[in-house]
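Hydrogens, waters and symmetry mates play no part in the numbers below; they use all other heavy atoms, side chains included.
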Protein chains: 2
Amino acid sequence: MDTKGASFIGNVMDPDCPSRMVFARIGDKWATLVIQVLAEGPLRFSELRQTVHVVTPKVLTQVLRALERDGLLTRTVFAQVPPRVDYELTPLGRTLLEPLKALREWAESNVSAMLASRDDYDEREDAAILRPPGHPGR
Amino acid sequence: MDTKGASFIGNVMDPDCPSRMVFARIGDKWATLVIQVLAEGPLRFSELRQTVHVVTPKVLTQVLRALERDGLLTRTVFAQVPPRVDYELTPLGRTLLEPLKALREWAESNVSAMLASRDDYDEREDAAILRPPGHPGR
DNA sequence: CCGTATCCCTTATGATACTG
DNA sequence: CAGTATCATAAGGGATACGG
């Protein structure tokens with residue numbers, strides 16, 4: 001395999017690539033939320049629903065099962081009435097917290113810049129459609 | 001605002017929350033790929049298409065515009081024929097490289113564990129449907 | 001070469017109602 | 001309480017063809 005240039009991320013393009021898998025998992029709209037909410041400790045289903053309050057039970061279940069399948073959290077059923085099910089991060093899941101935190105911190109440090117950029121972009125967009133075409137590039 | 005418990009990630013649930021924005025951006029199937037591919041230096045549209053070879057021009061354009069809008073990369077049009085357009089990470093975009101790298105490294109270290117967990121889970125699944133219902137919980 | 005325009009399909013997500 | 005089932009909608013992504 002080629003070892004220079006962009007090759008070291010070459011396998012990122014492979015659908016089976018580790019990074020792709022992880023980015024797919026954290027790319028999930030709810031997965032990262034759940035993981036970060038569970039950082040504090042185990043929660044039961046209803047507690048998760050309240051915390052991540054916009055999610056429907058169906059979607060929440062899907063996310064939880066996916067995360068459980070990947071070994072990132074455990075699902076513990078207590079044999080009692082009313083039923084109680086706890087979700088808790090596994091050690092593996094906990095190790096994801098750190099990179100996720102790095103991302104959160106990046107986010108908090110740079111959102112303002114991103115938002116400013118968006119405003120600029122959108123303004124230029126708006127101006128562009130008012131201007132006649134055939135205009136010299138930027 | 002409450003300062004204990006899960007409150008510090010409380011705003012993670014807010015759709016306007018910085019983290020949500022960032023996770024939405026990197027959650028994009030192609031955005032992180034593009035960013036990481038551009039880590040090496042500027043590339044033109046066709047080069048990006050070749051590198052991220054499965055993506056259609058439409059989708060690639062969408063991703064690039066979104067990233068440009070967020071100030072993560074620049075789009076430079078050269079006034080020549082045939083046309084040439086270069087895409088390059090901005091300093092802001094470059095700062096994303098590090099947290100992304102952390103995630104990649106996590107991925108590479110832990111995929112095997114995740115895959116193993118999946119196999120386990122799926123096996124148990126298969127076994128469960130063969131077993132009669134009303135079985136004592138795990 | 002660098003896109004845009006269309007059409008189409010799969011998947012994700014949501015609302016709602018119901019069961020163990 | 002903790003889900004499952006069903007239906008409906010929308011968003012994402014892809015194939016293809018064409019324009020500047």
Query - salt bridge (charged side-chain N to carboxylate O under 4.0 Å, His left out) assessment of A/Arg69 paired with B/Asp120 - result: CA-CA 8 Å; A/Arg69 189 169 100 104; B/Asp120 278 17; over 6 Å; no
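In this structure, A/Leu48 atom CG and D/dA2 atom C1' are separated by 12 Å, rounded to whole Å.
When heavy atoms are screened at a 4.0 angstrom cut-off, A/Arg44 is found touching the sugar-phosphate backbone but no base atom. Using a 4.0 Å heavy-atom cutoff across all strands shown, B/Tyr87 reaches sugar-phosphate atoms only and no base atom.
Screening residues 45-63 of chain B for salt bridge (charged side-chain N to carboxylate O under 4.0 Å, His left out), with sequence neighbours left out, gives no hits. Listed by first and then second residue, the salt bridge (charged side-chain N to carboxylate O under 4.0 Å, His left out) pairs involving residues 79-92 of chain A are A/Arg84-A/Asp86 (not counting sequence neighbours). Sorted by first and then second residue, the pairs that involve residues 22-39 of chain B and meet salt bridge (charged side-chain N to carboxylate O under 4.0 Å, His left out), not counting sequence neighbours, are B/Arg25-B/Asp70.
Across all non-hydrogen atoms, the minimal contact from A/Leu92 to B/Met114 is CD2-CG, 4.2 Å. Pairing each heavy atom of B/Phe23 with each of A/Leu100, the nearest pair is CZ-O, 4.1 Å. Closest heavy-atom contact between A/Gly71 and A/Thr90: O-OG1, 2.6 Å.
Taking a heavy-atom distance under 4.0 Å as the criterion, the stretch of DNA chain C touched by chain A extends 5' to 3' from C/dT13 to C/dG20.
Listed pair A/Arg75 / D/dG3 meets the phosphate criterion, a side-chain N or O lying under 4.0 Å from OP1 or OP2.
Grouping the Ile, Leu, Val, Met, Phe, Trp and Tyr side chains by contacts below 4.5 angstrom, directly or via other members, places A/Leu43 apart from A/Phe78.
At its two ends the helix from C/dC1-D/dG20 to C/dG20-D/dC1 runs along axes set 50° apart, each axis drawn from five pairs and the angle rounded to 10°.
The main-chain N or O of B/Ala113 is never found under 3.5 Å from a side-chain atom of B/Ser117 such that the two would form a donor-acceptor pair.
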Report task. Would you give a per-nucleotide map of nucleotides 4-19 of chain D, 5' to 3', where B means the base has a protein non-hydrogen atom under 4.0 Å away, S means only the sugar-phosphate does, and - means neither? Result -> B-BB-----BBB----
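Atoms CG and OG1, from B/Leu33 and B/Thr51 in turn, are 10.0 Å apart once rounded to the nearest 0.5 Å.
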